Amino acid sequence: MLPPFPALAPPVTAEREIALRGGDTTEGVVRAGGTVRRPVGRATPAVHALLRHLAAAGFEGAPRVVGFDERGREVLTYIEGEAPARPLPPYAVTAGSLAALARLLRRFHDASEAFPLTRYAEWEPGSNDDRPPEVIGHCDISPGNVVFRGGLPYALIDFDLARPTTRLFDVVTTLRHWAPIADPLDRDPLQRELDGAEVGARLRLFCDEYGVPPRDRRRLLDLARLRFGRSYTATRRRAETAGGGWARRWAFGAGERIRRARAWLDTHEDELHASLM
Ligand SMILES: Nc1ncnc2c1ncn2[C@@H]1O[C@H](COP(=O)(O)OP(=O)(O)O)[C@@H](O)[C@H]1O
Ligand SMILES: [Mg+2]
């Protein structure tokens, strides 16, 4: 009789799932081989149409849609690189990164502009500009939603909050995180010491690299203030209705951070405005 085969270790396949916890908002985001699996929402068809549009337009800085898996999750391509987590690494806060991010956002808007604004009604609701929408914005360009390669922003991920908006509103949301427009208490250690003039210079650099026209620069800080008020209300509502990561964020002081950021903006408004013009 032949000796029994030694027990084989379970095969390590590309389908083995690794939890991706960077964002801490959506539960159950995993990597499986070259793909990411994420839970779906009512905006998923609209987001997939946008991602397909971006791919067709030749925009490389976003995941591609693969489809849905047997568990009903969306399947997107995994983009190699690093999405910075807190505390931010030095490469994430350089002037070069900020400039490259501004150019990436500009290319994204230019590619998204031809996407029909009214084709889908089901986008995730959120705070917005009063002006008529111009593009489908990302609306959530935080460090955890930007994949870096070689120390520079390469791609945007996590389009869950994408919705019709103005270019300037998406610029303001991005600057909230990246200039940052925040109270020093709430900033990453590497950005804690930035004073009003230094944050102002970063706002200016971003606007120069994006190509924000003068009329929008004049409106930028007003829109930032409007956004703080609206995103306070929207975040609280989401915490109440969606629970999960949103409720956790609220419980851990998301509302107070918005109030402190608004107060910091008010204190430094004149200095910031002068830098922008
Ligand atoms: N397509 C992707 N390519 C590379 N990394 C990804 C991708 N999708 C998600 N990740 C990683 O997983 C983390 C969380 O995913 P994300 O889609 O941002 O979910 P959340 O809603 O929790 O923010 C990201 O910060 C990033 O590190
Ligand atoms: Mg995210």
Side-chain angles (χ1 to χ4, degrees), residues 14-44 46-55 59-69 71-89 91-93 97 101 104-105 108 111 123-127 136-163 170 173-174 176-178 180 188 231 234-235 238-239 241-252 254 257:
E15 263 44 66
R16 192 180 187 128
E17 296 188 357
I18 302 158
L20 294 170
R21 298 218 39 95
D24 209 29
T25 300
T26 310
E27 278 155 41
V29 180
V30 302
R31 177 178 180 179
T35 70
V36 170
R37 315 289 168 108
R38 304 175 84 263
V40 295
R42 64 191 180 132
T44 302
V47 170
H48 283 193
L50 173 67
L51 294 177
R52 289 201 165 97
H53 169 86
L54 294 174
F59 179 71
E60 296 281 332
R64 302 275 166 118
V65 179
V66 180
F68 298 94
D69 69 8
R71 289 167 56 182
R73 298 174 299 184
E74 66 167 342
V75 184
L76 306 174
T77 55
Y78 180 85
I79 300 175
E80 293 291 344
E82 284 291 316
R86 293 190 133 201
L88 294 178
Y91 67 77
V93 302
S97 282
L101 184 64
L104 177 61
L105 183 63
F108 161 60
W123 300 98
E124 192 61 39
S127 58
I136 306 296
H138 181 288
C139 297
D140 191 21
I141 303 184
S142 61
N145 290 340
V146 178
V147 175
F148 280 67
R149 264 192 208 172
L152 290 175
Y154 173 78
L156 307 174
I157 56 171
D158 189 358
F159 285 73
D160 284 359
L161 302 188
R163 55 185 178 265
D170 220 9
T173 301
T174 307
R176 154 84 172 116
H177 296 289
W178 294 86
D188 264 78
S231 62
T235 310
R238 217 174 245 134
T241 55
W246 289 103
R248 230 173 9 251
R249 258 158 72 158
W250 191 260
F252 283 98
R257 282 195 293 280

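The structure presented is a predicted model; accordingly, all values stated were derived computationally and were not measured. Atoms within a ligand are numbered from 1 in the order they appear, just like the ligands themselves. Numbers here simply count residues along the sequence, with the first being 1.
Close contacts between ligand 1 and L20 involve ligand atoms 10 (N), 11 (C), 12 (O) [criterion: under 4.0 Å to a heavy atom]. Heavy-atom contacts of A83 reach the following atoms of ligand 1: 25 (O), 26 (C), 27 (O) (cutoff under 4.0 Å). With ligand atoms numbered from 1 in the order given, ligand 1 contributes 16 (P), 17 (O), 19 (O), 21 (O) to contacts under 4.0 Å with heavy atoms of R38.
P84 and P143 make their closest contact through CD-O, 3.3 Å (heavy atoms, listed as atom of the first residue, atom of the second, distance). In terms of heavy atoms, H138 sits closest to D170 at N-OD2, 2.9 Å. Here the shortest heavy-atom pairing between A234 and S127 reads CB-N, 4.1 Å. Between L54 and A111 the shortest heavy-atom distance is CD2-CB, 3.9 Å.
When non-hydrogen atoms are compared, ligand 1 lies under 4.0 Å from the side chain of N145 (C-beta onward) but not from its backbone. Under 4.0 Å from ligand 1, not a single heavy atom of R31 appears. By the criterion of a heavy-atom distance under 4.0 Å, the side chain of V36, and not its backbone, is placed next to ligand 1.
R238 is listed as a side-chain neighbour of E124, based on a closest heavy-atom distance under 4.5 Å. With a 4.5 Å cut-off on side-chain heavy atoms, P63 and Y78 do not count as touching. Looking at heavy atoms from C-beta onward, I79 lies in side-chain contact with R149 at the 4.5 angstrom threshold. For the pair V65/L76, a side-chain contact is recorded, criterion being any heavy-atom separation below 4.5 Å from C-beta on. Counting only heavy atoms from C-beta outward, the side chains of W123 and V47 approach each other to under 4.5 Å.
Of the N or O atoms in Y78, none lie within a sub-3.5 Å distance of an N or O in ligand 1. Residue-to-ligand polar distances keep L76 apart from ligand 1: every N/O pair is separated by 3.5 Å or more. At under 3.5 Å, a nitrogen or oxygen of T26, whether backbone or side chain, sits near a nitrogen or oxygen of ligand 1. Residue I79 places at least one N or O, backbone or side chain, under 3.5 Å from an N or O of ligand 1.
Closest to atom 10 (N) of ligand 1 by heavy atom, among I157, V146, T35, is I157. Nearest residue to atom 25 (O) of ligand 1 from G144, G244, P143, G34 is G144 (criterion: closest heavy atom).
Looking at R73 and E27, no side-chain N of the basic residue comes within less than 4.0 Å of a carboxylate O on the acidic one, giving no salt bridge.
Atom OD2 is the N, O or S atom of D158 at the shortest distance from the Mg ion (ligand 2).
For T77, the heavy-atom gap to ligand 1 drops under 4.0 angstrom.
In summary, an N, O or S atom of N145 is located under 2.8 Å from the Mg ion (ligand 2).
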